[in-house]
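See structure below.
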Amino acid sequence: MSEYRYTGIKDFDAVHIFECGQCFRWKRLEDDSYDIAAMGRRVNVRCEGSDLIISPCTEEEFAVIWRDYFDLGTDYGAIKARLCADDPVMRTAAAFGWGIRILRQDLWETIIDFIISQNNNIPRIKGCIERLCCRFGDPLISALQPEGESAGASSDGDPDEEILTHDIPGPQVLASLTEADLAPVRLGYRASYLINTSREILERGMPEDRAQLLALTGVGPKVASCIELFGMNHMDSFPIDVWVQRLMHELYGVEEKNKKAMAAFAAEKFGEYGGIAQQYLFYYEREKTHVQ
DNA sequence: TGCCAGGTGATCG
DNA sequence: CGATCACATGGC
């Protein structure tokens with residue numbers, strides 16, 4: 001199996017990147033490498049010292065897909081220096097999650113993922129997305145059935161059932177479904193949001209700005225901010241969820257539950273790198289309360 | 001058991 | 001506008 005080794009990487013840690021809440025389709029293995037599903041593929045990602053190893057991956061796939069996906073053209077060291085100057089809170093948070101990078105994820109997938117994420121917890125979000133892909137998505141590249149095993153017999157509740165084998169279903173597929181079709185995915189009330197948003201996107205095309213995001217069913221200010229940050233490369237976007245509300249009050253003393261004040265504080269203090277700041281803070285806040 | 005989870009839509013002043 | 005409530009689901 002071919003692998004690609006990128007040497008001399010900085011400000012990169014797979015644990016930080018995948019467990020900071022920005023993406024949901026991954027599985028941590030015993031060696032702390034990650035199997036991930038992204039960009040229509042399934043690959044393993046691991047770090048060895050200052051090497052990043054992706055497998056299976058050719059030199060061309062790395063150049064065309066993964067270099068951008070992992071945002072390797074951005075100097076996170078410089079951004080950290082800027083964010084941490086004159087901010088001891090950020091120094092602590094960025095020292096803790098030093099290897100976080102903002103993944104440049106597929107726009108459609110981030111729309112679906114973060115509609116599902118609302119009023120939900122991360123382990124269950126992962127389960128919902130996995131069930132959605134498994135039932136309605138196409139097989140991922142390099143996740144094809146291993147020879148010798150038959151495909152037809154996969155039972156539903158099998159705990160050993162393989163995961164990360166199928167892609168997120170496209171808008172045409174989701175728009176054609178009913179809530180009854182989606183019942184086994186157990187999205188709760190979000191099922192109708194997915195169907196409606198899919199139909200809206202088929203009609204109007206993919207959203208290109210915040211106003212078009214907010215016009216989608218199930219997309220409010222917080223979900224729109226996540227989509228902008230993770231799916232549209234808006235590094236200044238600062239999503240405010242319950243964790244960020246808590247930490248902005250506890251760590252920075254901003255008035256409790258005052259989202260407007262928090263957004264203004266972030267814009268003033270973090271500016272164009274608000275989204276990266278948010279990820280350092282979010283990861284730090286969640287891990288120190290040690291949530292799954 | 002009631003509360004919480006990366007909130008949003010509908011409704012009411 | 002801003003505040004309040006319902007909304008599925010599952011873990012603690």
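A, B, ... follow the sequence lines: proteins, then strands. Residue 1 opens every chain. Because the structure is a prediction, the values reported are computed rather than measured.
Residue-to-nucleotide contacts include a donor-acceptor pair under 3.5 Å from the side chain of Arg124(A) to the base of dT9(C). The base of dG7(B) lies close enough to the side chain of Tyr189(A) for a donor and an acceptor atom to sit less than 3.5 Å apart.
For the pair Phe114(A) CZ and dA5(B) C1', the computed distance is 14 Å after rounding to whole Å. The nearest whole Å value for the distance from the NZ atom in Lys126(A) to the P atom in dA5(B) is 19 Å. If you take CG of Leu182(A) and P of dT9(C), they are 12 Å apart, rounded to a whole angstrom. Protein atom CD of Gln118(A) is 9 Å distant from nucleotide atom C1' of dG9(B), rounded to whole Å. Between Leu247(A) atom CG and dA5(B) atom C1' there is a gap of 16 Å when expressed in whole angstrom units. What separates CG of Asn119(A) from C1' of dG10(C) is a distance of 12 Å, to the nearest Å. As a whole-Å value, the separation of Ile116(A) CD1 from dG10(C) P is 14 Å. If you take CG of Asn196(A) and C1' of dC7(C), they are 15 Å apart, rounded to a whole angstrom.
Nearest-nucleotide positions on DNA chain B place Arg190(A) closer to the 5' end than the other of Tyr193(A) and Arg190(A).
Between Lys259(A) and the phosphate of dG7(B), there is no side-chain N or O to OP1/OP2 separation shorter than 4.0 Å.
Proximity of residues 210-243 of chain A to DNA chain B (heavy atom under 4.0 angstrom from any strand atom) is restricted to Leu216(A), Thr217(A), Gly218(A), Val219(A), Gly220(A), Pro221(A), Lys222(A), Val223(A), Phe230(A), Pro239(A), Asp241(A), Val242(A), Trp243(A).
Among the protein residues, Gln279(A) comes within range of the nucleic acid bases, having at least one heavy atom under 4.0 Å from a base atom. Using a 4.0 Å heavy-atom criterion, one finds that Gln22(A) contacts the bases of the nucleic acid, with or without backbone contacts as well. Within the 4.0 angstrom heavy-atom criterion, base atoms lie near Cys20(A). Lys257(A) comes within 4.0 angstrom of nothing in the nucleic acid, heavy atoms only.
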Let me see the working for Arg46(A) and Ser55(A) under side-chain hydrogen bond (donor to acceptor under 3.5 Å, both in side chains), right down to the final yes or no. CA-CA 9 Å; Arg46(A) 71 182 198 273; Ser55(A) 169; 5.7 Å; no

Pair Phe114(A)-Phe24(A), ring pair (Phe, Tyr, Trp, His ring centres under 6.0 Å): steps then yes or no: CA-CA 10 Å; Phe114(A) 283 92; Phe24(A) 304 100; 5.3 Å; yes

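A continuous path of Ile, Leu, Val, Met, Phe, Trp and Tyr side chains, each step under 4.5 Å between heavy atoms, connects Leu177(A) with Tyr193(A), placing both in one hydrophobic cluster.
Paired with Met262(A) under the rule side-chain contact (heavy atoms from CB on, under 4.5 Å), one option of Met248(A), Lys257(A), Glu255(A) passes, and it is Met248(A).
For Arg28(A) and Asp32(A), the salt-bridge test passes: some basic side-chain N is under 4.0 Å from an acidic carboxylate O. Contact check on Arg41(A) versus Glu61(A) returns a salt bridge, with a Lys/Arg side-chain nitrogen under 4.0 Å from an Asp/Glu carboxylate oxygen.
Only the P atoms considered, dT11(B) is 15 Å distant from dA8(C), to the nearest whole Å. If you take atom C1' in dG11(C) and the same atom in dT8(B), they sit 23 Å apart, rounded to whole Å.
Side-chain contact of Tyr189(A) with Glu179(A): a donor-acceptor pair under 3.5 Å is absent, judged by distance alone.
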Anything under 3.5 Å between a donor and an acceptor, one on a side chain of residues 76-84 of chain A, the other on a protein residue two or more places apart or in another chain? List them.
residue	atom	partner	partner atom	Å
Tyr76(A)	OH	Asp71(A)	OD2	2.5
Tyr76(A)	OH	Ile102(A)	N	3.0
Lys80(A)	NZ	Asp11(A)	OD1	2.9
Lys80(A)	NZ	Trp98(A)	O	2.8
Arg82(A)	NH2	Phe270(A)	O	3.4

